[in-house]
Amino acid sequence: MPHRSRLSILLLDLPPEHHAAGTAFWAGATGRTAEPDGDDEKWASLGSFAEGWHVEIQRTGEGTAPRWHVDIETDDIPAEVARLEALGATRHRDMGSFWQLLDPSGMVFCVVGIQTGEQFDRHAVTWP
């Protein structure tokens with residue numbers, strides 16, 4: 001059964017000791033306001049950029065190194081995880097409602113459900 005996916009979100013993972021400064025820096029660098037998520041204090045959004053590409057800021061736990069990671073959104077998480085494993089990804093952590101994987105070089109990325117609504121419909125790739 002075909003499914004769809006797209007690389008959709010760039011996340012800036014910032015531990016508590018770097019969160020405020022990193023958020024201010026990236027807001028200034030992009031000319032955007034970091035909009036806090038009213039439901040989750042760990043998240044802020046710099047919004048949508050070209051073709052619905054989102055940049056989000058996530059406060060991670062103590063001791064986590066600052067890093068970037070991407071999210072691939074999909075309408076079928078198990079099918080997309082299997083597709084990416086066939087390309088060389090490995091499962092890292094089952095996060096309950098999504099998967100954290102590692103690419104062949106060991107970089108973290110996540111496979112998540114649809115996050116961007118209409119932009120997903122407009123830009124997703126259909127896989128056999």
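All residue numbers in this chain count up from 1 along the given sequence.
- Taking both residues in full, the closest heavy atoms of S48 and Q119 are given as OG-NE2, 3.3 Å, listed atom of the first, atom of the second, then distance.
- Grouping the Ile, Leu, Val, Met, Phe, Trp and Tyr side chains by contacts below 4.5 angstrom, directly or via other members, places L84 apart from L102.
- Of the inter-residue distances, the one linking D75 atom CG with R6 atom CZ reads 12.5 Å to the nearest 0.5 angstrom.
- The main-chain N or O of F49 is never found under 3.5 Å from a side-chain atom of E51 such that the two would form a donor-acceptor pair.
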Item to check | Chi angles and distances behind the side chain to side chain contact (heavy atoms under 4.5 Å, CB included) call for W127, S5 | outcome: CA-CA 8 Å; W127 304 102; S5 69; 2.7 Å; yes
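- Looking only at side-chain heavy atoms (C-beta outward), V55 and W68 stay at 4.5 Å or farther from each other.
- Across D71 and C110, no two heavy atoms sit closer than the pair OD1-CB, 3.2 Å.
- Residues G117 and I114 approach most closely at N-CG2, 3.7 Å, considering heavy atoms.
- Between L46 atom CG and L12 atom CG the span is 6.5 Å, to the nearest 0.5 Å.
- Minimum interatomic distance between P66 and L14 (heavy atoms only, all atoms of both residues): CB-CD2, 4.3 Å.
- Between W99 and D94, some side-chain heavy-atom pair lies under the 4.5 Å cut-off.
- Rounded to the nearest 0.5 angstrom, R59 CZ and H18 NE2 are separated by 13.5 Å.
- Two different hydrophobic clusters hold M107 and V70 under the rule that ILVMFWY side chains link at heavy-atom gaps under 4.5 Å.
- A donor-acceptor pair under 3.5 Å is absent between the side-chain atoms of T33 and the main chain of E35, judged by distance alone.
- In plain terms, the two heavy atoms of S45 and G47 that are nearest each other are OG-N, 2.9 Å.
- Using a 4.5 Å heavy-atom threshold, the side chains of P15 and E62 count as separate.
- A distance of 9.5 Å separates CG of L101 from NE2 of H92, quoted to the nearest 0.5 Å.
- For the pair H54/S8, no side-chain contact is recorded, criterion being any heavy-atom separation below 4.5 Å from C-beta on.
- Neither L7 nor V112 shares a network with the other; the hydrophobic side chains, linked directly or stepwise wherever heavy atoms of I, L, V, M, F, W or Y lie under 4.5 Å apart, form separate groups for each.
- Atom CD of residue E56 and atom CG of residue D13 lie 11.5 Å apart, to the nearest 0.5 angstrom.
- E73 and T116 are linked by a side-chain donor-acceptor pair at a separation below 3.5 angstrom, with hydrogens and angles left out of the test.
- Shown here for D103 and F109, the closest heavy-atom pair between the two residues is N-CE2, 3.6 Å.
- Two residues are said to be in side-chain contact when any heavy atoms from C-beta on lie closer than 4.5 Å; R4 and E80 fail this criterion.
- Both W53 and V111 belong to a single network of hydrophobic side chains, linked directly or stepwise wherever heavy atoms of I, L, V, M, F, W or Y lie under 4.5 Å apart.
- M95 and I77 are not part of a single hydrophobic cluster, where members link through side-chain heavy atoms under 4.5 Å apart.
- The distance from the CD atom of Q58 to the CD1 atom of I9 is 10.5 Å, given to the nearest 0.5 Å.
- Using a 4.5 Å heavy-atom cutoff, the side chains of F120 and Q115 are not in contact.
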Next on the checklist: K42 vs D37, test: salt bridge (Lys or Arg N to Asp or Glu O under 4.0 Å). Steps then yes/no.
Outcome noted: CA-CA 8 Å; K42 293 180 180 178; D37 182 320; over 6 Å; no
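- Under the 3.5 Å distance criterion, with hydrogens and angles disregarded, no donor-acceptor pair is assigned to the side chains of Q100 and H69.
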